[in-house]
Structure formats: structure tokens, C-alpha cells
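Read through the structure below, which is laid out as C-alpha cells, and then see the notes.
Given the structure is predicted, the values throughout are model-derived calculations rather than measurements. Atoms considered below: every heavy atom in the structure, side chains included; atoms not considered: hydrogens, waters and symmetry mates. Counting begins at 1 with the first residue of the sequence.
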Amino acid sequence: NTPMKEQMEVSKQLIRKVLKNSIPDATEEELANVSAEHMQELMGAIMSLHKMDKEGSRTEKIKDVIKARQAQAKSNQ
């Protein structure tokens, strides 16, 4: 469970950084309140933007693990 919490925190930090760079006038409150339901979509967009979404790549396998863990976290709530 701890690795999943760490992973979620790292994902939140990455999303926050990307959003802050993309939307400089976003408030800290807005950046901190990205809901879990939007995290997967945002991470997918970030991965795609940075050309990390090619089929069969190592990154694709990582994304599959992240999706599985997020689904598991939702089912545990």
C-alpha cells in the first residue's frame, strides 16, 4: 500500500508541475485539488505529449501497472 501512496504522490507532483507550467496563473488551491478521477487522463496526456505512449514500449508496461494500481485503489475505497 505504501508504494501506491508514493506513486500517487509522485503522479500528483508531476501533474501539478505540468499544469503550473501550462497554466501559470492557476492558484495553488486549484493545483492541489485535482481529483483522482482526472489523474489517469492527465497522466495519459502528459505521457503522450512527451512521446512516452508508444505501444509495446517499456513505458506502456509502466502505464498498465499504474492503471492496475489505480483500479485497485478505487476498489479498496
Side-chain angles (χ1 to χ4, degrees):
N1 201 11
T2 299
M4 179 157 4
K5 287 181 183 179
E6 291 173 6
Q7 180 183 25
M8 291 294 285
E9 189 57 37
V10 169
S11 294
K12 286 179 183 180
Q13 289 173 0
L14 176 61
I15 289 169
R16 183 181 178 143
K17 182 176 182 174
V18 169
L19 288 176
K20 187 64 176 172
N21 287 341
S22 300
I23 312 166
D25 60 338
T27 66
E28 290 300 317
E29 182 179 351
E30 290 170 326
L31 296 172
N33 288 325
V34 174
S35 68
E37 66 186 81
H38 298 293
M39 286 182 65
Q40 184 174 352
E41 185 177 347
L42 288 167
M43 286 301 293
I46 291 167
M47 301 279 280
S48 179
L49 178 68
H50 293 283
K51 310 288 188 235
M52 298 171 71
D53 61 347
K54 294 180 182 177
E55 291 294 325
S57 69
R58 182 172 180 207
T59 304
E60 190 66 27
K61 292 175 186 174
I62 293 169
K63 285 171 49 178
D64 289 343
V65 169
I66 290 170
K67 287 178 187 177
R69 288 184 179 172
Q70 287 174 337
Q72 182 183 20
K74 286 181 182 179
S75 68
N76 290 338
Q77 292 179 351

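Between Gln40 and Met43 the shortest side-chain heavy-atom distance does not fall below 4.5 Å. A heavy-atom distance below 4.5 Å is found between the side chains of Met8 and Met39.
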Which donor-acceptor pairs under 3.5 Å do side chains of residues 29-36 form with protein atoms, sequence neighbours excluded?
unit_1: Glu30; atom_1: OE1; unit_2: Thr27; atom_2: N; d: 2.8
unit_1: Glu30; atom_1: OE1; unit_2: Thr27; atom_2: OG1; d: 3.3
unit_1: Asn33; atom_1: ND2; unit_2: Glu29; atom_2: O; d: 2.9

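The two atoms that bring Lys20 and Ala26 nearest to each other are NZ-O, 3.1 Å, heavy atoms only.
The side chain to side chain contact (heavy atoms under 4.5 Å, CB included) check on Lys17 picks up Asn21, with sequence neighbours excluded.
Taking a 6.0 Å sphere around CD of Glu9, one finds it holds more than 12 heavy atoms contributed by other residues, nucleotides or ligands.
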